[in-house]
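In what follows, chains carry the letters A, B, and so on, assigned in the order in which the sequence lines appear, proteins first and then strands, with residues in each chain numbered from 1.
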Amino acid sequence: MGLEEQRRLLGELAPELLEERRVEEEKKLPPLPGAEKGKVVTRLPPEPSGYMHVGHAMSGLLNYLYARMYEGRLWLRFEDTDPRKVKPEYYESFRKGYRWLGIEWDHEKNNSDDMELFYEYAERLIGMGKAYVCSCSVERVRELRRIGEECEHRGQDVETNLRLWEGMLSGRFREGEATLRLVGDMKHKNTTMRDPALFRIVEHPHPLTGTRYRVWPLYDFAVSIEDHLCGVTHVLRTSEFALRDELQNYIRSLLGMRNPIYVEYSRFEFRGTPVSKRKLRAIIESGLARSWDDPRFPTIEGLRRRGILPEAIREFTITQTGFTYAERIYDWSLLYAVNRKLLDPKARRLFFTPEPVKLRVRGFEGGEVEAPYHPENKELGSRRIRVGELYYVPGPDARAMRPGDLVRLKYLMNVRVLSVGEVVEAEFQGREPLRDVKIIQWVPVEDAVEVEVLVPGPLYLDEDEINPESLKVVKGFGESAVASVDVDEIVQFERFGFCRRDRGDKAVFIKAHD
RNA sequence: GCCCCGGUAGUAUAGCCAGGACAAGUAUUCGGGCCUUUCGAGCCCGAGACCCGGGUUCAAAUCCCGGCCGGGGCACCA
């Protein structure tokens, strides 16, 4: 009985078993607290002020996977309320990154779309006596917050606050001269509750709204309102926001809005590869890297160039991640293992000889040999290689050779080493595979293609110690079929590792891992 | 300084809330073997952990207290 036949029969006898398989995949994520099928709404809240990195990816994946798991909906909402930080190119870069990961969202908006609405809610709070215009200096606000004392502006009546707020909007105050603050509790143990600023003046054009608005909401206010407007039921985010749950819930409670359920987890990074913009910029400024899509970087583009598959990031997120509050530093091998598992069955095998050394074979008539592109996956086909007397073999292998050694050139022949030197001289010993003989890859000298492989390593050796050798360049020759590798295709150079072709004009590859 | 939150093998996690079958599961890593025309994959075997000290209990990874270590917050950033 064929597979299709079996499946059809099973569908008739026990359709639930077929269903099971699909659910299984998602099942590995723990259940979401308080989640009901069809009613879950989550969101991707990127700030378009920098490059998307693994952190955004995993957070985004979690929000997406849960929305799907409960047949709910997902928002993509740009948190773009700091005109000075937001840059137009980043909006699209996030969309692109999420798409690459296979994340599909149902709705999209920008916080900056809702400025008028934010103002309305602000006025309601002022009217309720729950917000006031404060013209203290930043330093004074900070100091009073630290010692838990109120400033004189807090006692202003609604009338005054409304007038001053109007003044903020109309430009009577300059940047830094006034903020709208929440009436919180200046003695609250949670310092975010000590009369946080809700709005401030920014005299800087916004990429989307230009100079139309000068009073911008701060994070907590914008998020509180937007999560309500989007009907968000579950907020999955990193733990540095944990202290703000209380504040955001309080703001919403004043406005009669429902609160979401929070699921928070710690931030993470991969060993030696900080996500911190500051540290990454230091690398660029030091000249070690040129751009943010450098394969050593944890940016999405960097990961992609490095040959990490989006499915691998997804699998990794589901299986290796938990909602732990403990700090974590992932070992790259954890991701590599997942990536390798996905790549292994479909990556073509090719010959590449790093640090090549010439090998001359005497007594071999030459001709052509056919070699499969994959040991098991026959669908990948094979290539024919013209062979003669001269070959390149990997430098490390050549250096280990001693006269008398028997070596097999994979798929081709066995040779006995006669002498070693600048050129290794060897003698043909038959074509049939032998047991217990070292098998190496090789490239015929006449058809060799120059290949360069970039090997990314950790950017930092320690907290602040930059690794001066984070990128190694391995040069060598590849067999002629290397020319047929498409840009972005990931192949396995036998006994070397999985590599993605990075450039079309030259055979430049980036090594993903062994 | 004040306030939160964490600490399970090298790494990442399960278990903790509802104490007992946990002499702690899984993945990765490392070591060994099998298989293989790759040092890849696959299969098998093995190594390796409950931060420390008290307490509660018949019984503690799990509950309580203290200590140590780590992270985060105390922005007119998000």
Completion exercise
Closest non-hydrogen atoms of A:Val415 and A:Gln429, given as atom of the first, atom of the second and distance, are C-CG, 3.9 Å

Practice task
Measure from the side-chain heavy atoms of A:Arg435 and tell me the nearest of B:A41, B:U36, B:A27.
Solution key: B:U36

Exercise for the section: Give the intermediate values and the outcome of side-chain contact (heavy atoms from CB on, under 4.5 Å) for residues A:Leu74 and A:Ile103. Expected result: CA-CA 9 Å; A:Leu74 177 68; A:Ile103 292 175; 3.8 Å; yes

Fill in the blank from the handout: A:Arg267 atom CZ is separated from B:G71 atom C1', nearest whole Å, by 11 Å

Handout entry: Phosphate contact (B:U37 OP1 or OP2) by A:Lys438 side-chain N/O below 4.0 Å
Key = no

Exercise for the section: Give the rounded distance in Å between these two atoms: CH2 of A:Trp216 and P of B:C77. Expected result: 13 Å

Problem - Inter-nucleotide C1' distance (B:A49, B:C22), Å rounded - result: 13 Å

Problem - Sugar-phosphate, base or nothing in reach of A:Glu376, heavy atoms under 4.0 Å - result: base

Completion exercise
Closest to the side chain of A:Thr191, out of B:A12, B:G73, B:G6, is B:G73

Fill in the blank from the handout: Between CG of A:Leu343 and P of B:G40 the distance, given in whole Å, is 15 Å

Exercise for the section: Choose from B:C4, B:A27, B:C76 the nucleotide whose nearest atom is closest to any side-chain atom of A:Arg145. Expected result: B:C76

Exercise for the section: Would you check, one step at a time, whether the test ring pair (Phe, Tyr, Trp, His ring centres under 6.0 Å) holds for A:Trp216 with A:His206? Expected result: CA-CA 10 Å; A:Trp216 287 88; A:His206 187 279; 4.7 Å; yes

Practice task
Assign A:Arg142 to base, sugar-phosphate, or nothing according to its heavy-atom contacts below 4.0 angstrom with the strands shown.
Solution key: sugar-phosphate

Handout entry: Shortest side-chain distance from A:Tyr219, nucleotide among B:G40, B:A78, B:U11
Key = B:A78

Handout entry: Distance, C1' atom - from B:C69 to B:C51, rounded to whole angstrom
Key = 8 Å

Problem - Candidate nucleotides B:U29, B:U37, B:A78, ranked by approach to the side chain of A:Ser333 - the nearest - result: B:U29

Fill in the blank from the handout: Rounded to whole Å, the CE-P distance (A:Met193 to B:C74) equals 15 Å

Handout entry: hbond_proxy A:Gln492 side chain to B:U38 base (donor-acceptor, 3.5 Å cutoff)
Key = yes

Problem - Charged tip of A:Arg244 within 45° of A:Tyr262 ring normal and under 6.0 Å - result: no

Handout entry: Same-atom distance (C1') from B:A61 to B:G73, integer angstrom
Key = 29 Å

Practice task
Please measure how far the P atom in B:A14 lies from the corresponding atom in B:G6, and state the result in whole Å.
Solution key: 14 Å

Exercise for the section: Check whether any side-chain N or O of A:Thr81 sits under 4.0 Å from OP1 or OP2 of B:A78, and answer yes or no. Expected result: yes

Problem - Rounded interatomic separation in angstrom, taking CG from A:Leu198 and C1' from B:C77 - result: 15 Å

Problem - A:Lys279 charged N/C atom sitting above A:Tyr460 aromatic ring, 6.0 Å / 45° - result: yes

Handout entry: Of the listed nucleotides B:U37, B:C3, B:C77, the one nearest the side chain of A:Lys189
Key = B:C3

Handout entry: Separation of the C1' atoms in B:U13 and B:A24, to the nearest angstrom
Key = 13 Å

Exercise for the section: Report yes if a side-chain nitrogen or oxygen of A:Tyr330 is closer than 4.0 Å to either non-bridging phosphate oxygen (OP1 or OP2) of B:U13; otherwise report no. Expected result: yes

Problem - Integer angstrom distance from the P of B:C5 to that of B:C30 - result: 38 Å

Practice task
Compare the minimum distances between each of B:G72, B:C76, B:A41 and the side chain of A:Arg340, then state the nucleotide with the smallest one.
Solution key: B:A41

Exercise for the section: Measure the distance from OH on A:Tyr91 to C1' on B:A78 and round it to the nearest whole Å. Expected result: 13 Å

Exercise for the section: Start with the C-alpha gap between A:Leu182 and A:Tyr250, add the side-chain angles, then the distance that decides, and say whether side-chain contact (heavy atoms from CB on, under 4.5 Å) holds. Expected result: CA-CA 10 Å; A:Leu182 179 74; A:Tyr250 180 64; 3.8 Å; yes

Problem - P-based separation of B:G40 from B:U36 [nearest Å] - result: 16 Å

Exercise for the section: Please confirm whether A:Arg328 makes a cation-pi placement over A:Phe268, using NZ or CZ under 6.0 Å from the six-membered ring centre and within 45° of the ring normal. Expected result: no

Handout entry: Evaluation steps, side chain to side chain donor-acceptor pair (under 3.5 Å), between A:Tyr132 and A:Thr160
Key = CA-CA 9 Å; A:Tyr132 60 97; A:Thr160 308; over 6 Å; no

Exercise for the section: Report which part of the nucleic acid A:Val202 touches: base, sugar-phosphate, or nothing (heavy-atom distance under 4.0 Å, all strands). Expected result: nothing

Completion exercise
Sorted by position of nearest nucleotide on RNA chain B, 5' first, the leading residue of A:Tyr411 and A:Asn190 is A:Asn190

Fill in the blank from the handout: A:Asp82 has its side chain closest, among B:G40, B:C76, B:C77, to B:C77

Completion exercise
Among B:C4, B:A78, B:U13, the one nearest any side-chain atom of A:Arg328 is B:U13

Practice task
For nucleotides B:A9 and B:G48, find the distance between their C1' atoms and express it as a whole number of Å.
Solution key: 5 Å

Practice task
Under 4.0 Å between any heavy atoms, over every strand shown, what does A:Thr179 touch: base, sugar-phosphate, or nothing? Just pick one.
Solution key: base

Practice task
Calculate the interatomic distance between A:Leu247 atom CG and B:C4 atom C1'; express it in whole Å.
Solution key: 14 Å

Exercise for the section: Applying side chain to side chain contact (heavy atoms under 4.5 Å, CB included), name anything that partners A:Phe428, two or more places apart in sequence or on another chain. Expected result: A:Val361, A:Phe364, A:Met413, A:Arg431

Practice task
Select one nucleotide: of B:A78, B:G10, B:G71, the one nearest the side-chain heavy atoms of A:Glu327.
Solution key: B:G71

Exercise for the section: Ignoring backbone atoms, establish whether A:Arg200 has a side-chain N or O less than 4.0 Å from OP1 or OP2 of B:A78. Expected result: yes

Fill in the blank from the handout: Residues at least two apart in sequence or cross-chain that pass side chain to side chain contact (heavy atoms under 4.5 Å, CB included) with A:Tyr119, listed by chain then number, are A:Met115, A:Glu116, A:Glu123, A:Trp165, A:Leu169, A:Phe199, A:Tyr213, A:Val215

Exercise for the section: Look at all strands and tell whether A:Pro196 reaches a base, only sugar-phosphate, or nothing, counting heavy atoms closer than 4.0 Å. Expected result: nothing

Fill in the blank from the handout: Between CZ of A:Phe268 and P of B:U11 the distance, given in whole Å, is 17 Å

Exercise for the section: Name the residue closer to the 5' end of RNA chain B, choosing between A:His374 and A:Cys134 according to the nucleotide with the nearest heavy atom. Expected result: A:His374

Exercise for the section: Check RNA chain B for consecutive Watson-Crick or G-U pairs with both distances under 3.5 Å and list the runs of at least three as stems. Expected result: B:1-7 with B:68-74, B:10-13 with B:25-28, B:29-34 with B:42-47, B:51-55 with B:63-67

